[in-house]
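Down below is the structure, laid out as structure tokens.
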Number of protein chains: 2
Amino acid sequence: MTTRTTATTPPAPSDEGGRTWTIAEVAEEFGVTHRTVRHYEALGLLSPERRGTTRVYHRRDRTRLGLVLRGRRLGFPLEEIRTIIDLYDAPRGRRSQLEYVLAQIDARRADLEQRRADLEAALTELDGFERRCREDLDRIG
Amino acid sequence: MTTRTTATTPPAPSDEGGRTWTIAEVAEEFGVTHRTVRHYEALGLLSPERRGTTRVYHRRDRTRLGLVLRGRRLGFPLEEIRTIIDLYDAPRGRRSQLEYVLAQIDARRADLEQRRADLEAALTELDGFERRCREDLDRIG
DNA sequence: AACGTTCTTGACGTTGACGTCAACGTAAAG
DNA sequence: CTTTACGTTGACGTCAACGTCAAGAACGTT
């Protein structure tokens with residue numbers, strides 16, 4: 001649809017749903033630079049397959065990148081984002097592990113709800129401000 | 001306006017509306033350091049009165065600091081926060097000014113609603129994850 | 001007058017999140 | 001085979017948001 005089949009097309013498209021991506025493709029797709037993607041890998045946020053020296057990204061990596069960028073939009077530091085998404089992949093076999101994970105979930109939720117409160121307050125204020133501005137505009141005519 | 005009521009230390013308490021605060025007091029009250037407060041002033045986020053060389057904070061300054069910190073919790077850069085709260089104090093006399101302000105408001109709202117969407121998505125995922133964890137916990141017994 | 005507290009202005013250090021070369025490998029295209 | 005395009009690893013630069021001294025001023029207390 002958008003781009004033609006490029007030079008470095010996925011090497012072996014013989015498998016069913018296992019499409020892969022290059023670093024340029026994921027960067028382009030998510031609107032970040034390759035440098036950003038590699039930076040996230042250096043921080044342990046991504047760990048793409050290596051085919052020789054070249055990085056090969058799977059759906060799993062794209063999912064994680066999506067989570068990272070959402071966390072970034074929400075203003076979380078990358079270190080914190082890492083602990084969160086690592087939590088999703090954490091082993092949950094033993095009871096102690098599960099209880100730790102559940103505690104972390106509660107902490108995360110508290111944080112998110114604080115943000116939500118701030119967000120609602122900001123939006124409410126913005127609405128009130130807009131109303132006043134429109135009244136001013138009406139007065140002017 | 002400067003009724004030389006107060007000394008430089010914790011001022012006269014009986015002053016009803018015009019109470020002022022020192023930098024240490026506002027910092028303490030908002031849970032930041034004096035360095036942070038001065039940094040915000042350097043960026044134009046605050047502009048407290050000066051009595052001689054000493055900063056004197058009024059309710060207005062506390063309000064603004066509150067807005068700044070809420071913006072910070074929401075992950076906005078300080079520069080952007082400045083343009084937003086400056087917007088609240090902007091002159092709205094002429095029609096062109098009002099229309100500019102209203103346009104800015106729309107942009108801000110779009111940004112905030114994007115964040116809200118991210119936030120809701122994150123909370124929803126967190127809920128689902130917690131549910132799965134609790135199921136795991138039940139299975140273990 | 002000497003002292004301690006709280007305030008002031010620099011000015012340099014630090015951390016996070018990348019940007020920006022440099023120098024090199026590799027694989028398809030001309 | 002050379003070019004071209006994309007990939008790789010360092011390593012240093014940058015910008016925001018402060019932290020951390022250093023050195024002095026202003027003022028009440030002793």
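In what follows, every chain begins at residue 1, and chains take the letters A, B, ... in the order their sequences are listed. Below, each value reflects all heavy atoms present in this structure, side chains not excepted, and no hydrogens, waters or symmetry copies.
Separating the CZ atom of A:R73 from the P atom of C:dA17 is a distance of 16 Å, rounded to the nearest angstrom. Rounded to an integer number of Å, the gap from A:R35 CZ to D:dA11 P is 13 Å. When the C1' atom of D:dA22 is taken as reference, atom NE2 of B:H34 falls 13 Å away, rounded to whole Å. At whole-Å resolution of the value, CD in A:E80 and P in C:dT15 are 18 Å apart. Distance A:Y40 OH to C:dG16 P: 14 Å, rounded to the nearest Å. Taking atom NE2 of B:H39 as the reference point, atom C1' of D:dT20 lies 14 Å away to the nearest angstrom. Taking atom CZ of A:R55 as the reference point, atom P of D:dG7 lies 10 Å away to the nearest angstrom. One interatomic measurement links the two molecules: CG of B:L45 to C1' of D:dC18, which rounds to 13 Å at whole-angstrom precision.
Between the A:Q97 side chain and the A:R94 main chain, a donor and an acceptor come within less than 3.5 Å of each other. Proximity of a side-chain donor or acceptor of B:E25 to a complementary backbone N or O of B:T22 within less than 3.5 Å is detected. Within the 3.5 Å criterion, the main-chain N or O of A:D86 finds no donor-acceptor partner in the side chain of A:D89.
The residue A:R38 sits close to a base: some heavy atom pair falls under 4.0 Å.
We find that B:D118 and B:R115 are not joined by a salt bridge, their nearest charged nitrogen and carboxylate oxygen being 4.0 Å or further apart.
Here the options are B:R35, B:R64, B:R50, the test is salt bridge (Lys or Arg N to Asp or Glu O under 4.0 Å), and the partner is B:E41; only B:R50 passes.
The nucleotide whose nearest atom lies closest to any side-chain atom of A:P77 is, among D:dT8, C:dA17, C:dC7, C:dA17. Of the listed nucleotides (C:dA17, C:dG19, D:dG7), C:dA17 has the atom at the smallest distance from the side chain of A:L78. Of the candidate nucleotides D:dG7, D:dT8, C:dT8, C:dT8 has the atom lying nearest to any side-chain atom of B:R50.
The side chain of A:T36 places an N or O atom within less than 4.0 Å of a non-bridging phosphate oxygen (OP1 or OP2) of C:dG19. Dashed line: the shortest gap from a side-chain N or O of A:T54 to OP1 or OP2 of D:dC6 is not under 4.0 Å. At the phosphate of D:dG7, neither OP1 nor OP2 sits under 4.0 Å from any side-chain N or O atom of A:R51.
The residue among A:L43 and A:T53 whose nearest nucleotide of DNA chain C is located toward the 5' end is A:L43.
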